[in-house]
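Numbers here simply count residues along the sequence, with the first being 1. Bear in mind the structure is a predicted one, so any value in this text is a computation, not a measurement.
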Amino acid sequence: MASSIRSLRAASAVALATVATTVAVAFAGAAEAGVCTRVEFAPGTSDAVIDGAVVRGDADSYFFEARRGQVLNTTLTSVEGNANFSIASPEGAALVVEDAWTEIVLPSDGLYRVTVAPTRGNATYTLYVEII
């Protein structure tokens, strides 16, 4: 009986590991489908304008360096009003979720992430990012 329980536990552990690997690969593939790039501010400036397009089911990610206490202004416009963005801190905490405009004081030093996603269909957009 104890041998059967051990075998069942081992089989369950293998099944769970297989599911976890499948999910991780699926998410990794989804993350690679959209744009993933670093925002480069022109010398002497603290803002950038990014024109992009994202297809339904994908998301575009933009990364930028900032310091604690700086103010981040972000605006997103889309041709059909069908896109929004989310912002994550360097630690991965959600600071803004599904918005089109925000002004926030940044909580820490590090690499921030702005993720643009369509709300329906494909979306052509302009993302404005300013750090002051």
Side-chain angles (χ1 to χ4, degrees):
M1 176 96 166
S3 174
S4 296
I5 291 173
R6 278 194 294 274
S7 295
L8 183 57
R9 285 183 183 162
S12 295
V14 169
L16 285 174
T18 301
V19 169
T21 301
T22 302
V23 169
V25 168
F27 279 115
E32 292 173 7
V35 169
C36 187
T37 191
R38 188 177 185 105
V39 176
E40 297 293 337
F41 300 101
T45 68
S46 62
D47 63 340
V49 177
I50 303 157
D51 291 315
V54 62
V55 298
R56 183 170 138 189
D58 286 343
D60 291 349
S61 294
Y62 299 97
F63 297 88
F64 61 90
E65 289 280 339
R67 292 184 316 274
R68 179 178 183 229
Q70 287 185 300
V71 175
L72 170 65
N73 293 313
T74 311
T75 303
L76 180 72
T77 57
S78 55
V79 173
E80 297 180 17
N82 63 334
N84 60 39
F85 64 82
S86 298
I87 300 173
S89 73
E91 298 79 25
L95 301 176
V96 176
V97 178
E98 298 180 353
D99 211 336
W101 177 89
T102 192
E103 179 178 287
I104 59 172
V105 176
L106 300 175
S108 58
D109 294 354
L111 193 63
Y112 286 81
R113 179 181 187 157
V114 177
T115 304
V116 177
T119 57
R120 64 183 189 289
N122 301 337
T124 300
Y125 63 85
T126 299
L127 175 66
Y128 174 75
V129 178
E130 177 186 38
I131 301 171
I132 49 177

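Inspection of the T126 and D51 side chains reveals an N or O donor paired with an N or O acceptor under 3.5 Å.
Cluster annotation: V79 is not connected to W101 through the hydrophobic network of ILVMFWY side chains, with a link wherever side-chain heavy atoms come within less than 4.5 Å. The cluster map of Ile, Leu, Val, Met, Phe, Trp and Tyr, joined by side-chain heavy atoms under 4.5 Å apart, puts V114 and L111 in different clusters. Under a hydrophobic clustering in which Ile, Leu, Val, Met, Phe, Trp and Tyr are joined whenever their side-chain heavy atoms come within less than 4.5 Å, directly or via other members, V55 and Y125 fall into different clusters. Residues V129 and V97 do not share a hydrophobic cluster, clusters being chains of Ile/Leu/Val/Met/Phe/Trp/Tyr side chains in contact below 4.5 Å.
With D60 contributing its side chain and V35 its backbone, the two residues share a donor-acceptor pair below 3.5 Å. Judged by distance alone, the side chain of S86 and the main-chain N or O of E98 form a donor-acceptor pair under 3.5 Å. In this structure a side-chain-to-backbone donor-acceptor pair under 3.5 Å is present from N82 to R120.
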Query raised in the report: Should V71 and V105 be marked as a side-chain contact (heavy atoms from CB on, under 4.5 Å) after you check the CA-CA gap, both sets of side-chain angles, and the distance that decides it?
Result: CA-CA 4 Å; V71 175; V105 176; 4.2 Å; yes
Report task. For L76 and T74, run side-chain contact (heavy atoms from CB on, under 4.5 Å): C-alpha distance rounded to whole Å, both residues' side-chain angles, the deciding distance at 0.1 Å, then the answer. Result -> CA-CA 7 Å; L76 180 72; T74 311; 6.0 Å; no
Report task. Any chance you could lay out the side-chain contact (heavy atoms from CB on, under 4.5 Å) test for I131 and F64, step after step, and finish with the verdict? Result -> CA-CA 10 Å; I131 301 171; F64 61 90; 3.3 Å; yes
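In R38, the CZ atom is crowded: over 12 heavy atoms of neighbouring residues, nucleotides or ligands sit closer than 6.0 Å.
For the pair Y112 and P107, the tightest heavy-atom approach, listed with the atom from each and the gap, is OH-CD, 3.3 Å. Residues A117 and A59 come closest through the heavy atom pair CB-CB, 4.3 Å.
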